[in-house]
Amino acid sequence: MESQYPIVQSLVGGELKNFPIILNNYNDRSNGFVTPFNFRSEIELPPIKGKSLNPQTGDWLTNVGPHELVHALQFSNLGEYNVPRFVSLFSPDLARMFHGAIPMGMHEGIAVYHETEQVTAHGGRGQYPFFTNQFEATFNSDQRWSMGQLMQTTSYTRPFGRHYIGGYKFTDWLHSKYGDDITRQALDFYLDFPFLGYGVALRHATGLWPGQLYNDFESYHEDRLNTKQPTSRFLELDVPYEGPEIRRPKWLSDSRLIFYGSFYNARPGFYTYDLTTRKMQCLITTNSVRDFQYDLSADRSQMIFSYYETHPIYDHTAKTELVQYDFKTHQEKQLTKSGRLYAPVFHGDELLALKTHPARSKLFSLNTYNYSEEKEIFSAPNQEIKTVSIHPEHGQLAIVSNKNGQQALWITGRDDITEQLQKEPDIAFKKGSVFDPDWHPTDNKLLFSADFSGTMQLYEYDLSRQQIRQITESKFNAFEGSYSPDGNRVAFVRQEDNKRLPAVLERTAFLNNTVKRTLWEKRLSPEPVSFTDIITDSVAQASSDWKTSPYSSGLDWLKPRTVLPFADEVSNNNNYQAGISLHSVNTLSTQSYSADLSYFKERGWYDITYQNKTFWPGFKLRAFNEPSYRSASGLGILGRQERSLAFSVPLKIDLNQNVYSTSLFVAPEIRQSQIRFYDAGFNDTISDFANITAGNIYSQLNFRLQQNIRDVQPNTGIILFSEVEHYLSGDDLTIGSPNNEVTFSSPNTTALRGGLYGFIAPFKRWNQSLRIGVRGLTQSGLLFDNQSIVSDAFGRRVFGSAHNLLSVNTRYTIPLFYVDDGGLLLPLYLSNIYLVGFTDTVFNPNLNNWQDRGATVFGLGIRTRFRISNLSFDIGVGIGFETQGKTQFFIGDF
C-alpha cells in the first residue's frame with residue numbers, strides 16, 4: 001500500500017494523513033470499501049469466494065488493498081480554491097461527497113484500471129476473461145450497453161457489477177487514446193466546476209462530449225468484435241425464468257441435473273432439470289456461498305452445500321455454514337454452527353471442507369457420523385486452496401490452489417497433501433488460471449476449466465497419457481463442467497449476453513484439440529509475484545518500528561463531519577420546517593450523533609440524538625423540541641410543542657436472513673417531556689406547559705418477507721407492528737380558547753397504534769404483488785397524530801379529532817418497464833416504471849351514523865425509481881377518487 005501510494009496519487013491526486021484502515025475478521029461475505037462519510041477504509045479479512053477476482057493478482061489483500069487505495073485518494077482530492085475546498089471548512093465529509101456525484105462506473109473503472117496496470121504483470125480484472133468477457137458477450141448482442149449503462153449501477157439487470165466492467169472498459173480506452181493523465185485532468189476540472197457534472201469535465205479533458213466519446217469507444221470495440229462462431233454443438237437447456245444465472249450443474253442421474261439458480265422473477269436456490277421432459281423444478285430455496293460449491297454423496301441420496309448464516313444481533317456479520325439435504329425425505333439439516341466452513345466434498349467416511357482464515361483458507365476434515373471433530377489437514381501462508389475434487393473410485397484428490405498469485409492444479413493422495421502442495425503443480429498456465437476440477441466417474445481423466453486462451457474453456461486431462469485436450473470452443477466463456485454418470489456427456493455453464501445458462505455437451509461433440517505441454521507444464525515462481533511493487537525493503541524496515549496501541553475514539557469525532565440543509569412537512573398539514581442537520585460518528589461507528597436545528601413559525605426548534613453501540617444492544621439519548629399539529633373535538637386544529645429528553649434501547653434480532661427475512665425490532669423508551677399547545681398558526685399559546693413522564697415501546701416483526709430481484713415490494717410475508725405510549729405521571733393539561741376549554745388528565749393518557757401488512761403474489765412470474773393492510777389507532781389524549789394512518793390520497797384530514805381510527809388498505813404493484821438506462825452529460829438514470837393501484841378505507845367507530853363512520857379512497861398512480869447522479873428517488877403521481885365524489889391529484893406515498 002505504501003509503495004502503491006505515489007502511483008495512485010499520480011492517477012487521481014489527493015493526500016491521506018492519519019487515514020483509518022479497519023481490518024475485521026467478522027464477516028465471511030468478504031468485502032472492502034471506502035466511505036466518504038466517516039472517511040475510512042474497511043476490509044473484511046476472510047478471502048472473497050468464487051470467481052469475481054483475477055487469481056493472478058495474488059491473495060485477497062493484494063487484490064483489495066490497491067483498489068481501495070484508489071478510492072481513498074480520489075475522495076481526499078478536493079482541489080485547491082473551489083467549492084469543495086470551501087465546503088470542507090464546514091463539513092469535510094460533505095466536501096468529499098462531491099466525488100459521490102461522479103458516476104460509480106468512473107470510480108470503479110479507475111480503480112480496476114489501476115489494479116490491472118500497476119499491481120502485477122497479468123493481474124487485475126482487466127486481464128481476467130471471466131470479467132472482461134461479460135462485456136464482450138453483451139457488446140456482441142442486441143443488449144449492448146449505452147454510455148449511461150457503462151457508468152451507472154443497476155439493481156434490476158445483470159450483471160450487477162456492470163459498472164465495474166463498463167467503467168473499466170471505458171477508462172482503459174480513455175487512457176489508451178488520450179494518455180495516462182486524462183483521468184487527473186478530468187478530475188481537476190470537475191473539482192473546480194462540480195455543478196457542471198463529470199460529462200463536461202470529460203469534454204474539457206478530451207475535447208469531445210460524452211456522446212461523441214461513446215461513439216468513438218463503440219467504433220473501437222466494433223473493430224475488435226469476436227466474429228468467430230463457436231464450433232461446439234451443445235444442447236441448450238430451456239430456462240423458464242427471466243434473467244437466469246445458473247451455477248455448477250451436476251448429474252443426479254443420466255437424465256436429471258441439479259444446479260444453483262438465481263432469476264429476476266423466481267426465488268434463488270437449487271433446481272432440478274429433467275432432460276427428458278425439459279422441465280425445471282425448485283428443490284431448495286436458499287442463498288449460497290459465492291463459489292457455489294456443493295457435493296453429492298456417492299449414491300446421490302444426499303447433498304451438502306454451504307450458505308451464509310446472518311448473525312442474529314450484529315449487523316454485516318455472516319458466517320459460512322454447512323447444510324445437508326436428503327433427496328429421499330426432502331429434509332434440510334444444518335451441520336455446523338459458527339463453523340465458517342464452505343466448499344464441502346465427500347471423501348469416504350469423512351467430509352473435507354475449506355475453513356475461513358484471515359486472508360486465506362485452511363483445509364479441514366469432519367467425521368460424517370456427526371460432522372464434528374474438525375481436524376486441520378493443510379494450511380500454508382502463501383497458499384489459498386480454492387476447491388477439492390475426489391475421484392469416486394480410487395480417492396485421488398485434485399486440488400486447485402492459488403500459490404503466490406498463480407492458481408494451478410495438483411494431483412495428490414489424501415495423506416500426501418502437505419508434501420505435494422509444496423512441489424510443482426501438475427497443471428499450471430503462464431497467463432491463465434485453473435478452475436473447477438471434476439473427476440471422470442471411472443476413467444483416470446479430469447475435467448477442468450482454464451482461461452489462458454483469453455476465454456474460459458473446458459479441458460480434459462488424461463492422466464494415463466499425460467495429455468490435455470480442449471473440449472469446448474465457447475465464444476465467451478464455458479466453465480463449471482461435470483461428467484454424467486457414464487462419462488459420455490458434460491454439463492456446464494456458458495456465458496450468453498448477460499445470462500449464464502446451462503448446457504450439455506456429448507462426448508462425440510468434444511472439440512478434442514490437444515494443448516501443447518509447453519503451455520501447461522509451467523514451473524511456479526518461488527516468490528510472491530504480487531508483492532514486487534507492494535512492499536519495498538524500506539517500507540518493511542520502517543514497519544518494524546511502528547508502535548501499536550489500543551483503539552480509543554477520543555473526542556475529535558465530536559466535531560461535525562457533515563452539515564446539510566433539510567426541509568420536512570409538519571404533520572401532513574402543508575406546512576414545512578427548514579434548517580440544518582449536523583452529523584458525526586467515530587471511526588468504528590460505535591458512537592454517533594445528529595443534531596437538526598430548524599426554524600418554523602418564527603421559532604427555533606431542535607432534535608439532537610446520541611447513539612452508543614460500544615456494547616450490545618447499546619442505547620440512544622434524544623433531546624428535542626418539536627412542533628406538530630393535533631385536532632381536538634370542539635377546538636379544531638391546534639399547534640403542539642413538545643420538548644423532551646428520552647432514553648431508549650433499540651434492539652434488533654435477525655431470526656433468519658436466508659432468502660426469506662424474519663426479524664424482530666423492539667425499542668423501549670422512557671421520556672421526560674413538557675407539552676403545551678398553540679393556536680393553529682403557532683401565534684399564541686392556549687395552554688401552559690404540562691410536565692409529563694412517558695413510557696413508549698415500539699415493536700415490529702417481519703416474518704418471512706421475500707422479494708425477487710425485479711419485484712418492487714415483497715411477494716410474500718407479514719409485517720406486524722405496534723407502538724404504545726403511556727403517561728406514567730404528569731400534570732393535568734388545560735387547553736383554552738375564547739369559545740371552549742378542555743382539560744386532559746395526563747396520568748390516565750394512553751395511546752396505541754399498530755397494524756398488520758400481508759403480501760401475496762397472484763402473478764409472481766410477472767413480479768406483481770398485492771399488499772393487504774390493517775392499521776388502527778386508539779388514544780385517550782392527544783398523543784399521536786391520527787393522520788399517520790391515513791393515505792395521502794385523501795388530500796385532507798380525515799376524522800382529524802377522532803381518538804379511535806381504523807384503516808383497511810390495499811396496494812397492488814405492476815412493473816411496466818425496466819428502463820435501466822440514462823446518460824452521463826445529464827446524470828439522470830431511470831431504473832423502472834411501475835403502476836400502483838390502491839385503496840384506503842378509514843373508519844371512525846365512535847360515530848353513531850353508520851354512513852358517516854367511513855371514508856374511502858380508490859387510487860391509481862404511476863411511480864418511478866430513478867437517480868440523479870448517485871442520489872436515488874422513488875416518486876409517483878397518483879389520482880385518488882373518494883366515494884363522496886372528490887378527486888385528488890397528488891404526489892406522495894401510495
Side-chain angles (χ1 to χ4, degrees), residues 12-22 33-42 68 71-104 107 153 187 190-195 197-198 315-316 551 553-569 576-600 604-614 618 620-626 650 827 867-873:
V12 296
E15 184 179 17
L16 297 173
K17 292 182 179 179
N18 298 320
F19 178 66
I21 299 177
I22 300 169
F33 62 88
V34 172
T35 172
F37 177 71
N38 189 17
F39 189 40
R40 74 189 195 279
S41 176
E42 187 161 351
E68 300 306 329
H71 294 322
L73 274 167
Q74 180 179 339
F75 279 120
S76 73
N77 182 7
L78 301 180
E80 296 296 335
Y81 305 102
N82 53 30
V83 173
R85 182 64 67 178
F86 175 74
V87 171
S88 70
L89 299 175
F90 307 96
S91 175
D93 285 354
L94 181 60
R96 284 185 285 267
M97 285 302 294
F98 280 95
H99 284 283
I102 298 173
M104 288 303 297
H107 285 282
T153 60
L187 286 173
Y190 171 78
L191 290 168
D192 287 339
F193 306 98
F195 298 110
Y198 200 75
D315 294 335
H316 311 299
Y551 167 76
S553 63
L555 298 176
D556 291 343
W557 73 275
L558 294 175
K559 178 183 176 182
R561 304 183 66 96
T562 301
V563 181
L564 295 170
F566 76 92
D568 287 329
E569 185 178 10
Y576 292 83
Q577 64 182 117
I580 59 172
S581 182
L582 292 76
H583 301 265
S584 191
V585 62
N586 70 353
T587 301
L588 294 182
S589 299
T590 56
Q591 298 185 76
S592 62
Y593 76 81
S594 65
D596 294 346
L597 308 176
S598 61
Y599 184 78
F600 176 70
W605 310 87
Y606 60 85
D607 187 349
I608 302 171
T609 300
Y610 165 78
Q611 188 157 11
N612 187 306
K613 296 182 179 178
T614 56
K620 178 161 50 174
L621 284 174
R622 183 182 176 214
F624 61 91
N625 179 26
E626 284 189 338
R867 291 194 301 273
I868 299 176
S869 292
N870 290 317
L871 298 176
S872 297
F873 301 88

Exercise for the section: Specify whether H99 and Y190 have parallel, tilted or perpendicular ring planes, treating 30° as the upper limit for parallel and 60° as the lower limit for perpendicular. Expected result: tilted
Problem - Where P84 and L191 come nearest, the two heavy atoms and their spacing - result: CD-O, 3.4 Å
Exercise for the section: May I ask you to decide if T590's main-chain N or O and T614's side chain share a donor-acceptor pair within less than 3.5 Å? Expected result: no
Completion exercise
What one should report as the nearest heavy-atom pair of N625 and G604 is ND2-O, 3.7 Å
Exercise for the section: If the plane angle is over 60° it's perpendicular, under 30° parallel, otherwise tilted; pick one for F600 and W605. Expected result: tilted
Handout entry: Closest heavy-atom pair and its distance - I22, L588
Key = CD1-CD2, 3.4 Å
Problem - Flag side-chain contact, heavy atom, 4.5 Å: P20 against F39 - result: no
Practice task
Assign the ring pair F195 / F98 to parallel, tilted or perpendicular, where the plane angle (0 to 90°) is split at 30° and 60°.
Solution key: perpendicular
Exercise for the section: State which residues pass salt bridge (charged side-chain N to carboxylate O under 4.0 Å, His left out) with R622; sequence neighbours excluded, sorted by chain then number. Expected result: D607, E626
Handout entry: Residue pair G79 / R85: nearest heavy atoms and the distance that separates them
Key = O-NH2, 2.7 Å
Fill in the blank from the handout: The ring-ring contact (aromatic ring centres under 6.0 Å, His included) partners of F193 (sequence neighbours excluded) come to F189
Handout entry: Minimal non-hydrogen separation, T562 against L94, with atom names
Key = OG1-N, 4.2 Å
Completion exercise
Heavy atoms of L187 and I102 approach each other most closely as CD2-CD1, 3.8 Å
Practice task
Report yes or no: does S76 contribute a side-chain atom to a donor-acceptor pair with the main-chain N or O of E15 at less than 3.5 Å?
Solution key: yes
